[in-house]
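Heads up, the thing below is written out as structure tokens.
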There are 2 protein chains.
Amino acid sequence: MITSQPTCDKVTLVTDDCDRTTPAFAPHDHRACEARALDEAAGRLAEQGGRMTPVRRRTLEILLESHRAMGAYEVLDRLAAEGFGHQPPVAYRALDFLVEHGLAHRLQRLNAFAACLHPGHDHAPAFLICRACDKLAELPAAPVRTALSNLAAETGFAVERVTIEALGLCPACAEAGA
Amino acid sequence: MITSQPTCDKVTLVTDDCDRTTPAFAPHDHRACEARALDEAAGRLAEQGGRMTPVRRRTLEILLESHRAMGAYEVLDRLAAEGFGHQPPVAYRALDFLVEHGLAHRLQRLNAFAACLHPGHDHAPAFLICRACDKLAELPAAPVRTALSNLAAETGFAVERVTIEALGLCPACAEAGA
DNA sequence: GTTGACTTGTTATCATGTAACATGAAATGG
DNA sequence: CCATTTCATGTTACATGATAACAAGTCAAC
Ligand SMILES: [Zn+2]
Ligand SMILES: [Zn+2]
Ligand SMILES: [Zn+2]
Ligand SMILES: [Zn+2]
């Protein structure tokens with residue numbers, strides 16, 4: 001059980017294809033996206049001492065196939081079809097492991113999971129969820145989080161974890177709808 | 001089906017017992033809390049044309065008994081014990097109605113519902129959830145929401161609804177724990 | 001090579017949420 | 001006042017999401 005709290009929201013304006021302003025919504029080289037995430041994930045796990053087993057790797061790969069959140073049972077179906085176990089705990093354990101180690105996120109609003117797109121460092125982003133195409137983007141949420149913590153502090157409440165999930169329209173769908 | 005979006009986060013520094021800075025966490029005259037919420041709820045419904053039926057009223061009263069979020073089945077048990085229907089849709093319909101009309105909120109993180117404490121005007125607050133005592137407070141979230149919308153706008157994403165839920169320790173529990 | 005920690009798989013069960021349909025109350029309109 | 005229509009309430013049955021508890025296999029360390 002990993003107990004580290006998400007703390008870092010550094011806005012790393014890296015220069016590779018997938019991590020610019022609108023990673024998920026803009027067209028991009030998604031193969032690179034996947035590859036980099038897997039790579040960073042491996043590094044992250046090495047630091048933390050977690051073991052990247054077949055089920056876990058495959059689960060992460062499945063999540064990485066699209067910029068969408070997937071339900072646990074959807075993941076399970078995929079795993080089962082590929083020869084892994086057929087029972088819910090198989091999926092939930094793999095998913096929980098990925099979340100605990102910062103390689104995936106849980107979307108509270110959707111009861112679903114999504115791969116983290118830059119697991120290289122600990123972070124707790126806000127999520128933008130397109131209600132039309134279901135795509136999902138992470139947004140560095142440090143400013144937002146700080147604003148909330150300050151507000152809460154005025155009431156004496158000590159914020160530990162924050163869930164920020166926004167529903168709306170991605171650029172593509174907004175244009176299509178208009 | 002009500003389609004109005006939550007738009008107002010006015011910080012009304014009213015002078016009655018229950019609506020100060022820490023309505024839920026601080027000791028207060030909770031009878032007044034309930035009474036005022038029910039009263040405002042009635043007014044709100046009148047404006048919107050909704051009907052406050054027995055199940056709906058009772059559901060709201062049950063939610064108002066405490067500053068906690070309740071699961072739909074917990075509410076259902078109470079309703080059933082009082083002679084209302086025994087099946088899930090009974091609770092879900094009443095709860096959905098209350099949420100759609102701004103008289104209750106849904107807590108995504110908890111899969112649970114809570115009465116709105118000041119349903120007098122349309123609002124979409126942030127929530128502070130104490131992990132020790134389960135109590136819950138609403139926080140005017142306009143600044144936070146604005147910060148997020150601005151961030152999102154940079155990526156071309158049009159935010160429509162935002163879920164902000166913070167987990168942490170309320171003043172009382174923080175003191176007790178220390 | 002045996003111990004001990006961890007991983008994977010199972011069965012069974014619980015929790016949460018909806019679809020679809022039948023009945024009943026209430027507003028609407030002649 | 002009654003007919004029409006709309007909305008509310010109740011039901012059964014099912015879908016989806018999540019976990020507890022146990023058995024067996026894997027792997028590193030000593
Ligand atoms: Zn990508
Ligand atoms: Zn979209
Ligand atoms: Zn109160
Ligand atoms: Zn508390």
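Keep in mind it's a predicted model, so treat the numbers as computed, not measured. Chain naming here is simple, since letters A, B, ... match the order of the sequence lines and numbering starts at 1 in each. The figures here come from the full heavy-atom set of this structure, side chains too, leaving out hydrogens, waters and symmetry mates.
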With the 4.5 Å side-chain cut-off for hydrophobic clustering, are [X] and [Y] part of the same group?
X: B:L151; Y: A:L148; result: yes
X: B:L169; Y: B:L128; result: no
X: A:I62; Y: A:L136; result: no

Notebook entry, point to check: So which of residues 103-114 of chain B are in contact with DNA chain C, with a heavy-atom cut-off of under 4.0 Å?
Noted result: B:R106, B:N111

Next item on the list: Taking only heavy atoms on the protein side, list every residue of residues 69-89 of chain B lying under 4.0 Å from any atom of DNA chain C, sorted numerically.
Entry: B:Y73, B:P88, B:P89

Notebook entry, point to check: Say you draw a straight line from CD of A:Q108 to CD1 of A:I164; how long is it, rounded to the nearest 0.5 Å?
Noted result: 12.5 Å

Notebook entry, point to check: At what distance, to the nearest 0.5 angstrom, does SG of B:C173 lie from CZ of B:F25?
Noted result: 8.5 Å

Next item on the list: Evaluate salt bridge (charged side-chain N to carboxylate O under 4.0 Å, His left out) for A:E61 paired with A:R56, printing each intermediate quantity in order.
Entry: CA-CA 9 Å; A:E61 287 171 356; A:R56 292 168 179 174; over 6 Å; no

Check: Taking any atom under 4.0 angstrom from a heavy atom of chain A, which nucleotides of DNA chain D are the first and last to qualify, 5' to 3'?
Finding: D:dG17 to D:dC27

Next item on the list: Just jot down the ring-ring contact (aromatic ring centres under 6.0 Å, His included) partners of A:F97, sequence neighbours excluded, or say none.
Entry: A:H101

Next item on the list: Taking the six-membered ring for Trp and the single ring otherwise, decide whether the centroids of B:H105 and B:F113 are under 6.0 Å apart.
Entry: no

Flag the pair [X] / [Y] as yes when at least one side-chain heavy-atom distance between them is below 4.5 Å, and no otherwise.
X: B:C170; Y: B:C133; answer: yes
X: A:T163; Y: B:L167; answer: no
X: B:E40; Y: B:R44; answer: no

Check: Please, which pairs that meet salt bridge (Lys or Arg N to Asp or Glu O under 4.0 Å) have at least one residue in residues 107-120 of chain B, sequence neighbours excluded?
Finding: none

Write down the protein N/O and nucleotide N/O pairs, taken from nucleotides 3-7 of chain C, whose separation is under 3.5 Å; answer none if there are no such pairs.
| unit_1 | atom_1 | unit_2 | atom_2 | d |
| --- | --- | --- | --- | --- |
| C:dT7 | OP1 | A:R56 | NH1 | 3.2 |
| C:dT7 | O5' | A:R56 | NH2 | 3.3 |

